[in-house]
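Atoms within each ligand, like the ligands themselves, are counted from 1 in listed order. Since this is a predicted model, take the numbers as computed values, not measurements.
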Amino acid sequence: MNNQKPKTPGQSAVETRYLLMPHQANPFGTAFGGGIFAWIDMVESMAARRHGGTEVVTVSIDSLSFREPVYIGDQVVLKACVNYVGRTSMEVGVQVIRENPDTGNQTIATTAHLTFVALDKDKKPIPVPPLTLQTDDEKRRYENAKLRVKNRKELRQKMK
Ligand SMILES: CC(C)(COP(=O)(O)OP(=O)(O)OC[C@H]1O[C@@H](n2cnc3c(N)ncnc32)[C@H](O)[C@@H]1OP(=O)(O)O)[C@@H](O)C(=O)NCCC(=O)NCCS
């Protein structure tokens with residue numbers, strides 16, 4: 001039985017902004033995917049840490065889609081929130097938005113879903129607070145995450 005006080009995704013959501021510098025680009029002048037992923041892992045882990053309240057580790061990358069390139073000089077907005085919680089694990093989603101500095105026009109460049117596990121002082125998985133869903137978006141994200149978790153478990157069983 002989990003007696004922890006439930007939290008909404010909004011209570012742990014994280015939003016931050018970077019400027020894409022030349023040293024973060026590939027030879028074609030657009031963002032190096034590994035650099036974008038490092039930002040994603042950092043921002044999502046902060047959302048998971050805020051929800052779980054203890055140390056967290058990344059346990060899997062469940063999806064990562066580079067939909068549009070990000071160019072040197074773009075402002076890059078990352079918005080992360082907890083979509084779903086299991087017993088000790090949390091799925092966190094992120095939108096990486098490129099903002100054209102001249103027009104302010106924003107488009108979603110990358111999306112990702114990662115799973116984090118909360119750990120106690122002995123580095124053992126520890127239960128996380130339940131998730132309370134309030135908005136339609138939160139409910140939609142929760143249902144989609146539930147599907148990803150189910151698919152992952154089924155696939156793992158089939159691959160044994
Ligand atoms: C995270 C870790 C402690 C989990 O250990 P474990 O022995 O698998 O623990 P459990 O079997 O009790 O699983 C714990 C939770 O992780 C989930 N999990 C385990 N492997 C997973 C995977 N590959 N993908 C998604 N979730 C996973 C389980 O479903 C479980 O979730 P639940 O409690 O919500 O049901 C261990 O895998 C680990 O230390 N991994 C290395 C983490 C790391 O170094 N990350 C990179 C740097 S942060």
Side-chain angles (χ1 to χ4, degrees), residues 1-21 23-26 30-67 70 76-98 108-160:
M1 174 87 180
N2 188 341
N3 292 322
Q4 297 182 81
K5 198 173 160 203
K7 291 184 185 175
T8 64
Q11 282 177 276
S12 54
V14 173
E15 180 171 339
T16 193
R17 180 182 285 259
Y18 296 100
L19 176 65
L20 192 83
M21 300 293 281
H23 72 275
Q24 292 153 323
N26 59 34
T30 61
F32 172 56
I36 295 276
F37 180 72
W39 285 345
I40 289 172
D41 196 24
M42 179 78 74
V43 171
E44 288 205 14
S45 71
M46 288 191 279
R49 177 75 177 80
R50 296 184 81 204
H51 183 87
T54 63
E55 179 185 339
V56 296
V57 284
T58 315
V59 68
S60 72
I61 302 166
D62 304 311
S63 81
L64 177 61
S65 303
F66 293 108
R67 301 185 187 188
V70 177
V76 187
V77 181
L78 287 96
K79 296 182 183 181
C81 64
V82 174
N83 290 334
Y84 176 92
V85 301
R87 197 179 78 85
T88 65
S89 66
M90 297 160 273
E91 194 214 71
V92 184
V94 71
Q95 284 185 342
V96 180
I97 297 157
R98 64 168 288 242
I108 295 176
T110 306
T111 55
H113 302 96
L114 273 59
T115 299
F116 297 83
V117 173
L119 301 180
D120 65 15
K121 289 192 168 37
D122 300 319
K123 312 291 181 194
K124 299 279 182 245
I126 185 172
V128 295
L131 196 61
T132 299
L133 306 169
Q134 291 175 329
T135 69
D136 287 346
D137 269 347
E138 289 170 358
K139 290 173 190 163
R140 178 181 52 78
R141 290 186 187 124
Y142 176 87
E143 289 304 325
N144 288 341
K146 210 161 83 172
L147 277 178
R148 278 186 291 274
V149 171
K150 184 169 172 277
N151 286 344
R152 169 164 41 81
K153 287 182 178 168
E154 284 175 0
L155 187 64
R156 196 179 299 167
Q157 281 206 327
K158 281 182 190 158
M159 289 173 70
K160 268 183 188 168

Worksheet item: From L131 CG over to C81 SG, what is the distance, rounded to the nearest 0.5 angstrom?
Response: 9.0 Å
Worksheet entry | Between CG on residue N83 and CD on residue E138, distance to nearest 0.5 Å |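 If I round to the nearest 0.5 Å, the distance is 9.5 Å.
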Practice prompt. Ignoring hydrogens, just give me the one of T88, V85, V56, T115 whose non-hydrogen atom is nearest atom 14 (C) of ligand 1.
Written response: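 Comparing heavy atoms across T88, V85, V56, T115, the nearest one to atom 14 (C) of ligand 1 lies in T88.
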Worksheet item: Out of V57, T58, V59, V128, whose heavy atom sits nearest atom 27 (C) of ligand 1?
Response: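 Comparing heavy atoms across V57, T58, V59, V128, the nearest one to atom 27 (C) of ligand 1 lies in V59.
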Looking at [atom], is any protein heavy atom nearer than 4.0 Å to it?
atom	value
atom 1 (C) of ligand 1	yes
atom 36 (C) of ligand 1	no
atom 16 (O) of ligand 1	yes
atom 46 (C) of ligand 1	yes
atom 43 (C) of ligand 1	yes
atom 8 (O) of ligand 1	no
atom 11 (O) of ligand 1	no
atom 33 (O) of ligand 1	yes

Worksheet item: Can you tell me the protein heavy atom closest to atom 24 (N) of ligand 1 and the distance?
Response: S60 OG, 3.2 Å
Fill in: atom 3 (C) of ligand 1 - nearest protein heavy atom and its distance
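Minimum-distance protein heavy atom for atom 3 (C) of ligand 1 reads L119 CD2, 3.8 Å.
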Worksheet entry | Option from I108, T110, T111 for which side-chain contact (heavy atoms from CB on, under 4.5 Å) with V96 holds |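 Only one option passes, and that is T110.
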Item to complete: Run through H51, E44, M46 and flag the one making a side-chain contact (heavy atoms from CB on, under 4.5 Å) with V92.
Response: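 It is E44; the other options fail the test.
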Worksheet item: Is ligand 1 under 4.0 Å from a heavy atom in the side chain of S89, in the backbone, in both, or in neither?
Response: both
Discussion item. Do R140 and D136 make a side-chain contact, defined as non-hydrogen atoms from C-beta onward lying under 4.5 Å apart?
Written reply: no
Worksheet item: Do D120 and T54 come close enough that some side-chain heavy atom pair is under 4.5 Å?
Response: no
Worksheet entry | Salt-bridge criterion met for E143 and K146 (N-O under 4.0 Å) |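 Salt bridge: yes.
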Item to complete: Compute the minimum heavy-atom distance from R156 to ligand 1 and say whether it is under 4.0 Å.
Response: yes
Worksheet item: So, does R152 sit close enough to ligand 1 that a heavy atom of it is under 4.0 Å from the ligand?
Response: yes
Discussion item. Is it the case that over 12 heavy atoms from other parts of the model lie below 6.0 angstrom from the OH atom of Y18?
Written reply: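 Atom OH in Y18 is packed in, count exceeds 12.
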Practice prompt. Report yes or no: does D122 contribute a side-chain atom to a donor-acceptor pair with the main-chain N or O of K124 at less than 3.5 Å?
Written response: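 Looks like no, no N/O pair under 3.5 Å.
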Fill in: Close-contact set for ligand 1 against G86 heavy atoms, below 4.0 Å
34 (O)
Response to the item:
Here the atoms of ligand 1 under 4.0 Å from any heavy atom belonging to P125 are 9 (O), 12 (O)
Worksheet entry | D62-S60 side chain donor-acceptor pair, cut-off 3.5 Å | yes
Worksheet item: Just by distance, with hydrogens left out, do S45 and D41 show a side-chain donor and acceptor under 3.5 Å apart?
Response: no
